[in-house]
Colleague: 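Take a look at the following structure, please.
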Amino acid sequence: MIEESPYKVYVDVNVEFLKDGTLVPRSIIWDDGVIYEIQKITDIRRAASLLAGGTGIRYTIYVDGFEKHLYFGDNRRWFVEANKEMNVSA
């Protein structure tokens, strides 16, 4: 995993590709190999990450009961916004 800022964490993502071209993320794979299932997606929109920097498609997701933002960035890489307290959990 490559970190560009203390608030941007690049991750691997298991994605379902629908026939209309829509990307639906299903799980996040952390750099230690732990897989976090995405329980729910509540919003998909083009947005900027004010916390981590960067723009792309923002998915508002729920992982382990917590709301997170997952981005498919304009650089075609997936990242999550981390906060100061976040260490290695999605």
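The figures that follow rest on heavy atoms only: side chains count, while hydrogens, waters and symmetry mates do not. FYI, the numbering just counts along the sequence from 1.
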Colleague: Just by distance, do the side chain of Lys68 and the backbone of Val80 share a donor-acceptor pair under 3.5 Å?
Modeller: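 No; zero donor-acceptor contacts below 3.5 Å.
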Colleague: Any side-chain to backbone donor/acceptor pair from Glu16 onto Leu23? Under 3.5 Å, distance only.
Modeller: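 Flag not set: sc Glu16 to bb Leu23 has no pair under 3.5 Å.
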Colleague: Can you find a pair of side-chain heavy atoms, one from Tyr10 and one from Asn75, that are under 4.5 Å apart?
Modeller: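 Of all side-chain heavy-atom pairs linking Asn75 with Tyr10, at least one is under 4.5 Å.
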Colleague: If I take atom CG from residue Asp43 and atom CZ from residue Arg58, how far apart are they, to the nearest 0.5 angstrom?
Modeller: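 The distance works out to 6.0 Å.
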Colleague: Go through the structure and list residues passing side-chain hydrogen bond (donor to acceptor under 3.5 Å, both in side chains) with Thr42, not counting sequence neighbours.
Modeller: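 Checked Thr42 against side-chain hydrogen bond (donor to acceptor under 3.5 Å, both in side chains); zero matches.
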Colleague: About how many Å separate NZ of Lys40 and CD1 of Ile61, when rounded to the nearest 0.5 Å?
Modeller: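 It is 12.0 Å, given to the nearest 0.5 Å.
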Colleague: For Asp12, give me all partners under side-chain contact (heavy atoms from CB on, under 4.5 Å), at least two apart in sequence or on another chain.
Modeller: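 Asp12 satisfies side-chain contact (heavy atoms from CB on, under 4.5 Å) with Ile29 only.
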Colleague: With a 4.5 Å cut-off on side-chain heavy atoms, are Trp78 and Tyr71 touching?
Modeller: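 They are not in contact (no side-chain heavy atoms under 4.5 Å apart), so the answer is no.
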Colleague: Hydrophobic clusters here meaning ILVMFWY residues chained together by side-chain heavy-atom distances under 4.5 Å, can you tell me if Leu70 and Phe17 are in one?
Modeller: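 Same cluster.
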Colleague: Say whether Tyr59 and Val15 are linked into one hydrophobic cluster, either directly or through other cluster members, by side-chain heavy-atom distances under 4.5 angstrom.
Modeller: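 Yes, it is one cluster - the side chains of Tyr59 and Val15 are joined through contacts under 4.5 Å.
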Colleague: Indicate the atoms forming the closest heavy-atom contact of Ser49 with Glu81, along with that distance.
Modeller: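 Nearest heavy atoms, Ser49 then Glu81: OG-OE2, 2.6 Å.
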Colleague: Check whether any side-chain heavy atom of Val9 sits under 4.5 Å from a side-chain heavy atom of Phe79, and report yes or no.
Modeller: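 Sidechains of Phe79 and Val9: no contact.
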Colleague: How far apart are the C-alpha atoms of Tyr62 and Glu67, what are their side-chain angles, what is the distance that settles it, and do they pass the side chain to side chain donor-acceptor pair (under 3.5 Å) test?
Modeller: CA-CA 5 Å; Tyr62 279 83; Glu67 183 180 274; 3.2 Å; yes
Colleague: Starting from Ile38, can I reach Leu18 by hopping between I/L/V/M/F/W/Y residues whose side chains sit under 4.5 Å apart?
Modeller: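 Yes, Leu18 connects to Ile38 through the hydrophobic network.
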Colleague: Are Pro25 and Ile41 packed together at the side-chain level, in the sense that at least one heavy-atom pair is separated by less than 4.5 angstrom?
Modeller: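 Yes - at least one pair of side-chain heavy atoms lies under 4.5 Å apart.
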Colleague: Salt bridge or not for Arg76 and Asp74, using N-O below 4.0 Å?
Modeller: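 The answer is no: the pair does not qualify as a salt bridge.
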